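What follows is a short report on a single structure.
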Amino acid sequence: MSRARRDVAVPVAVQLAAPEIVLVPHLEVKLRPAVESLGRVVQIYRVTPSDPTLERHFKGHRDNVTSVDFNCNMKQIATGSMDSCVMIWNMKTQMRAYRFEGHKDAVLSVQFSPSGHLVASASRDKTVRLWVPSMKAESTAFRAHTATVRSVNFSGDGQNLVTASDDKTIKVWTVHRQKFLLSLNQHINWVRSAKFSPDDRLIVSSSDDKTIKLWDKNSRECIHSFYEHSGYANYVDFHPSGTCIAAACTDNSVKVWDIRSHKMLQHYQVHSGAVNSLSFHPAGNFLITASSDFTMKILDLLEGKLLYTLHGHQGRVSAVAFSRTGEYFASGGSDEQVMVWKSNFDSAEDGDGVRLQHQTTSSLHPLASSCKAQPSISLHPCALRREASEPSEHFNGRDSHAAAHTQSASRSVSHSTATPPHAHGPLGSAASSSAQRPPSRVSTQHPLRVAGTPGGGVPPGLASTLEHIVGQLDVLTQTVSILEQRLTLTEDKLQECLENQMEIGLHLQRPEEA
């Protein structure tokens, strides 16, 4: 067993409970009027319970966050990063985060075992490590491939691991003693992702050779190959029912295939950048995607529509994952932050609200007959005025950057006109026919309506106040970020000093014993 050093870094965990905002002392006088105004605005623009909300965010990685996963007990989140570290974040605000160091290069994939007692990590150093997610940070490492290992995934029973690598192979291992079992070798380029099916009988893999392959684990045969023509799939995963797969593609699209008929069920062209990751809600009705366009999007698979566009990260979003219950989801990106969001799907209101069906769907065939063009919801307070006059789903880089700062100040929600998912095959006719119908509302109360304002528009004075508040909060956010960095550096130096002092003490004790 090799040991990884436990870092004492304690990233600031911001819990958004508007309108209460804690001010840095030297900025308190300057920002107090703005914060009081923000409190009134937040009360006016408070979102309905059915909208996702940013609960907390963590910062401790020193480079791009590449992978996120929840422990089944909902007490911990594991993340991997280009900084070569695995970090375990505790959901309780009083608990410290632990940095596990052992890999010699970037960590590209992490996952908790089904029991939550182990964390597997895959790295560019060609190894896979199994960690015990505790303060001791015990780990075992094994050389899994002859090139970068890009993906690691536990089987449903927790007994096996599947890994994907730049050596063009997919390998299956036992978790106990890390014994090699089999290798799948038909890809002709780097393999980006590999996942077990829910029943562990099948494996799906995606590669830079522009194919997605479906494998029978027992016979080791490739059952079918799905071909991409305009790009390749960064990430692929099974629907919880095991009957469908979804792929996050470099051509900015998300595609859903039926693995029995081998037909494409849905094709979403809703991002303006490459799609890097995706995750199914455990009930199977929703899919969340992460993209290089700085956004995440939540798709309603039963209706075939885009539900939400979430802005929060200040760079490309590299990873996203639902918790085991679907109550939360987490995201990570190039801004080195890990964000934890509450889904709130279960608390949707009757009628026009989004109602989650808890039964796992056995098939996604109904999707083809109910694909509709619907408005998306963007958690983007800065765009309230702009969207009221110019409905648009996509924002430019400057808007996205402003949204990242605004997200920490408010949970305002605005309706925008979504680009309808481009449907092919059986989805085409349904999408075109239903697009003529007026879009249904997601919440029973329009979020842009302000009491006492004719027509429900946003007064120019209020919009100006919002912009001023956003600017002031931007300064506050930058100040807090600088303080976090200084605190992390100080803790690192303190840890080094303590280790050096212990070594000096040991050297002094040895001559005395002699």
Side-chain angles (χ1 to χ4, degrees), residues 108-109 111 120 122 126 128 144-157 159-175 178-251 253-267 275-280 287 362-365 424-425:
L108 302 180
S109 178
Q111 192 189 30
K126 308 174 187 177
V128 170
H145 291 269
T146 59
T148 296
V149 188
R150 293 194 174 271
S151 172
V152 63
N153 178 243
F154 281 96
S155 60
D157 59 10
Q159 299 300 310
N160 295 324
L161 284 170
V162 61
T163 57
S165 170
D166 286 359
D167 64 10
K168 308 174 189 177
T169 68
I170 301 113
K171 295 184 178 180
V172 179
W173 313 78
T174 63
V175 173
Q178 299 82 56
K179 179 183 177 183
F180 171 75
L181 291 180
L182 60 96
S183 180
L184 308 173
N185 305 301
Q186 292 188 26
H187 281 295
I188 58 174
N189 207 332
W190 295 354
V191 187
R192 296 271 173 177
S193 178
K195 299 281 185 178
F196 280 110
S197 62
D199 61 7
D200 296 336
R201 293 189 304 106
L202 304 175
I203 293 173
V204 66
S205 61
S206 63
S207 168
D208 286 14
D209 63 10
K210 297 187 177 182
T211 68
I212 296 170
K213 292 185 182 293
L214 194 64
W215 309 83
D216 186 300
K217 189 186 75 171
N218 295 326
S219 67
R220 308 184 187 184
E221 295 294 327
C222 178
I223 300 173
H224 186 75
S225 293
F226 301 91
Y227 291 93
E228 288 290 320
H229 300 289
S230 56
Y232 58 84
N234 277 319
Y235 192 93
V236 66
D237 201 2
F238 278 94
H239 184 271
S241 68
T243 61
C244 304
I245 58 172
C249 304
T250 58
D251 64 358
S253 70
V254 177
K255 298 170 185 175
V256 181
W257 284 278
D258 189 312
I259 65 172
R260 299 163 300 181
S261 65
H262 304 151
K263 292 182 179 179
M264 183 186 295
L265 295 178
Q266 291 183 329
H267 179 192
V275 188
N276 302 312
S277 182
L278 54 78
S279 179
F280 283 101
L287 180 70
S362 59
S363 165
L364 291 186
H365 280 298
H424 295 273

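What you are looking at is a predicted structure, and each value in this text was computed from that prediction instead of being measured. Computed over heavy atoms, backbone and side chain alike; hydrogens, waters and symmetry mates excluded.
Summarising the geometry, atom OG belonging to S241 is positioned 8.0 Å from atom CZ belonging to F280; distances are rounded to the nearest 0.5 Å. Separating the NZ atom in K171 from the OG1 atom in T163 is a distance of 7.0 Å, to the nearest 0.5 Å. With rounding to the nearest 0.5 angstrom, the CG atom of D237 is 7.0 Å from the OG atom of S193. Atom NE2 in H262 sits 9.0 Å away from atom CD1 in I245 (nearest 0.5 Å). Rounded to the nearest 0.5 angstrom, L214 CG and R260 CZ are separated by 12.0 Å. Rounding to the nearest 0.5 angstrom, the gap separating the CD atom in Q186 from the OG atom in S205 is 9.5 Å.
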Is there a side chain to side chain contact (heavy atoms under 4.5 Å, CB included) between L184 and R220? Walk through the geometry before answering. CA-CA 7 Å; L184 308 173; R220 308 184 187 184; 4.1 Å; yes
Go through the steps to decide whether H224 and I259 satisfy the test side chain to side chain contact (heavy atoms under 4.5 Å, CB included), and finish with yes or no. CA-CA 8 Å; H224 186 75; I259 65 172; over 6 Å; no
Worked check of side chain to side chain donor-acceptor pair (under 3.5 Å) between K213 and S225: CA-CA 4 Å; K213 292 185 182 293; S225 293; 2.9 Å; yes
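A pairwise comparison of heavy atoms in W257 and F226 identifies CD1-CD2, 3.5 Å as the closest pair. Nearest approach of N234 to R192, heavy atoms of both residues: O-CB, 3.5 Å. Scanning all heavy atoms of the two residues, the minimum distance from P198 to F238 falls at CD-CB, 3.9 Å. Between L161 and A120 the shortest heavy-atom distance is CD2-CB, 4.1 Å. Annotation for K217 and N160: closest pair NZ-ND2, 3.7 Å, computed over non-hydrogen atoms. Across all non-hydrogen atoms, the minimal contact from T211 to D209 is OG1-OD1, 2.6 Å.
Under a 3.5 Å cut-off, the side chain of T174 and the backbone N or O of K179 do form a donor-acceptor pair.
Among I170, I223, I212, V162, the single residue meeting the side chain to side chain contact (heavy atoms under 4.5 Å, CB included) criterion with V204 is I212.
The pair K255-D251 meets the salt-bridge criterion, with a side-chain N (NZ, NE, NH1 or NH2) lying under 4.0 Å from an Asp/Glu carboxylate O.
Using a 4.5 Å cut-off on side-chain heavy atoms (C-beta onward), C244 and L265 make contact. Inter-residue side-chain proximity for D166 and R150 is flagged as met; some heavy-atom pair is nearer than 4.5 Å. A 4.5 Å side-chain heavy-atom check between T148 and W190 finds every atom pair outside the cut-off.
The aromatic ring centres of H229 and Y227 sit 6.0 Å or more apart.
For I188, the CD1 atom counts as loosely surrounded, since its 6.0 Å shell holds 12 or fewer non-hydrogen atoms of other residues, nucleotides or ligands.
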